[in-house]
J.: 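Pasting a structure below so you can have a look.
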2 protein chains.
Amino acid sequence: MSTEPTAPTRRTELLGIAAGLFAEKGFKNTTVRDIAEASGILSGSLYHHFDSKESMVDEILSTFQEELFAAYDAVLASDVDARTKIDRAVRLSFQAIDQHPHEVAIFQNDAGYLGGFERFGYLAERNAQSREVWVSLLTEGVRSGALRHDLDIELTYRFIRDTVWVAVKWYRPGGRHSHVEIADQYLTILLDGISTDPQSPSPRERP
Amino acid sequence: MSTEPTAPTRRTELLGIAAGLFAEKGFKNTTVRDIAEASGILSGSLYHHFDSKESMVDEILSTFQEELFAAYDAVLASDVDARTKIDRAVRLSFQAIDQHPHEVAIFQNDAGYLGGFERFGYLAERNAQSREVWVSLLTEGVRSGALRHDLDIELTYRFIRDTVWVAVKWYRPGGRHSHVEIADQYLTILLDGISTDPQSPSPRERP
DNA sequence: GTCTATATTTGGATAGAC
DNA sequence: GTCTATCCAAATATAGAC
């Protein structure tokens, strides 16, 4: 009994190809014929593996999210201070973009539309779960004094969530910057800002 | 000869309805029948006003972008320091989200797909233009000493661009926060960060 | 597991009456 | 400016042979 990455089955191989197309062109703009052609087979053959186009995205997204949220849970449960947890959660996210760019892109672009169907109700649940993770991290950060006391937690959560994931729009694995470098830069901006000068009327605390 | 806002023609009224649907569900997920129904007419009647569904988004996007970039140009040309220009450009963007949420959403969600067609080549041009605006502002900011000298300009540009526009996903005109408040919060985070503590190994300059 | 052939549905678009 | 009626293309999905 081993947990090593097994050789990709035909099924997972096809899912990977579909994910690439969904990510690139969007779910609705990708036809089953596109997927079949990219896989070197005909559209009818796809239905030997999957019920429908919908069930393909479904499997792509749910598999990815399971993995992702397990990782967040591990960060939340870890025994380090709030700032370190935030650091890790951010790095984890950029790492996810690096390792699963297609899945992240599909979620970013199509979750809004797909979420409208019962079948994809779990997308909204996962969204709520993500909010809980970040709000609790930020709240802990403010309480412990690591973060500015005047932060609007809700607003800051949205900024972080969106600004991290939106990087999937331009980040390319193997490109000029590694995901670690990007996380470094992002954390620097997020924590310290881009300015040399502290704001004149800033209510910033320095002990 | 007046430039006052004229009463909406039937044409602009229909475009507004279409924009709302495109923004909410995506261009491809919105059918001509959807637009017609929301307008209280039948699908065939739409073709009295427009050539095609494509020409509808085209008009929505190009009209908006013309207005937006005129505003950016005004900021660029204004006679103030770099930091103030950046401040104004950011505020301008949040204001655009406030005043044209549908147009911004459509651009965010569908520009990637639409940009693949010749007809929408101007989307890529506008993107390049936007990059020039921000890169020149940031470069000026670093040179003048207002911004940290170790900034990766290209990366910072992408962060700002994406993080500003992505707000359209959750911002609701007339909601809990005004676009001005959101711009305030965002600029504080962008310029000064969310941390109380300056980073230990941060190469931050303070004269 | 893939192909051939085809059923079925959906959606963009048109023509002409009112 | 809208409706009725309809065409046509595209796309999802199915059935059975190989």
J.: It should be established whether B:His48 places a side-chain nitrogen or oxygen under 4.0 Å from OP1 or OP2 of nucleotide D:dT2.
T.: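 Result: no.
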J.: Heavy atoms from C-beta onward define the side chain here; which of D:dT2, C:dG1, D:dT6 lies closest to that of B:Ser45?
T.: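 Nearest listed nucleotide: D:dT2.
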J.: Are a donor atom and an acceptor atom from the side chains of A:Thr12 and A:Thr9 found within less than 3.5 Å of each other?
T.: yes
J.: Applying ring pair (Phe, Tyr, Trp, His ring centres under 6.0 Å) as the test, list every pair that has at least one member in residues 68-93 of chain B; sequence neighbours left out.
T.: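 Sorted pair list: B:Phe69-B:Tyr72.
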J.: D:dA13, C:dC3, D:dG1: which one has an atom nearest the side-chain heavy atoms of A:Lys53?
T.: D:dA13
J.: In whole Å, I'd like the distance from the CZ atom of B:Arg33 to the P atom of D:dC7.
T.: 14 Å
J.: Which of residues 9-32 of chain A sit near DNA chain D, with a heavy atom under 4.0 Å from it?
T.: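 Nucleic-acid contacts, sorted: A:Thr30, A:Thr31, A:Val32.
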J.: For a quick check under 3.5 Å, do B:Gln185 and B:His177 share a side-chain donor-acceptor pair by atom type?
T.: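 On atom types as modelled, these side chains do not qualify, holding no pair under 3.5 Å.
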J.: How close or far is atom P of D:dA13 from atom CD1 of A:Ile35, stated in whole angstroms?
T.: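 Computing the A:Ile35:CD1 to D:dA13:P distance gives 10 Å.
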J.: To the nearest Å, how far apart are A:Leu46 CG and C:dT2 P?
T.: 9 Å
J.: Describe the nucleic acid contact of A:Ile41 in one word from base, sugar-phosphate, nothing, applying a heavy-atom distance below 4.0 Å.
T.: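 Sugar-phosphate: the residue A:Ile41, judged by heavy atoms under 4.0 Å, touches backbone atoms but no base.
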J.: Do B:Asp152 and A:Arg176 sit within salt-bridge range, that is, some charged N less than 4.0 Å from a carboxylate O?
T.: yes
J.: Do B:Asp184 and B:Arg91 meet the salt-bridge criterion of a basic N to acidic O distance under 4.0 Å?
T.: yes
J.: Identify which nucleotide among C:dA13, D:dT14, C:dT4 has an atom closest to any side-chain atom of A:Tyr47, counting heavy atoms from C-beta outward.
T.: D:dT14
J.: Under the rule for side-chain contact (heavy atoms from CB on, under 4.5 Å), what residues qualify as partners of B:Asp51, not counting sequence neighbours?
T.: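 B:Asp51 satisfies side-chain contact (heavy atoms from CB on, under 4.5 Å) with B:Ser55 once adjacent residues are dropped.
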J.: Any idea which of C:dG1, D:dT4, D:dT2 is nearest the A:His49 side chain?
T.: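 Side chain of A:His49 sits closest to C:dG1.
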J.: Roughly how many Å is it from CD in A:Glu54 to P in D:dA13, rounded to a whole number?
T.: 8 Å
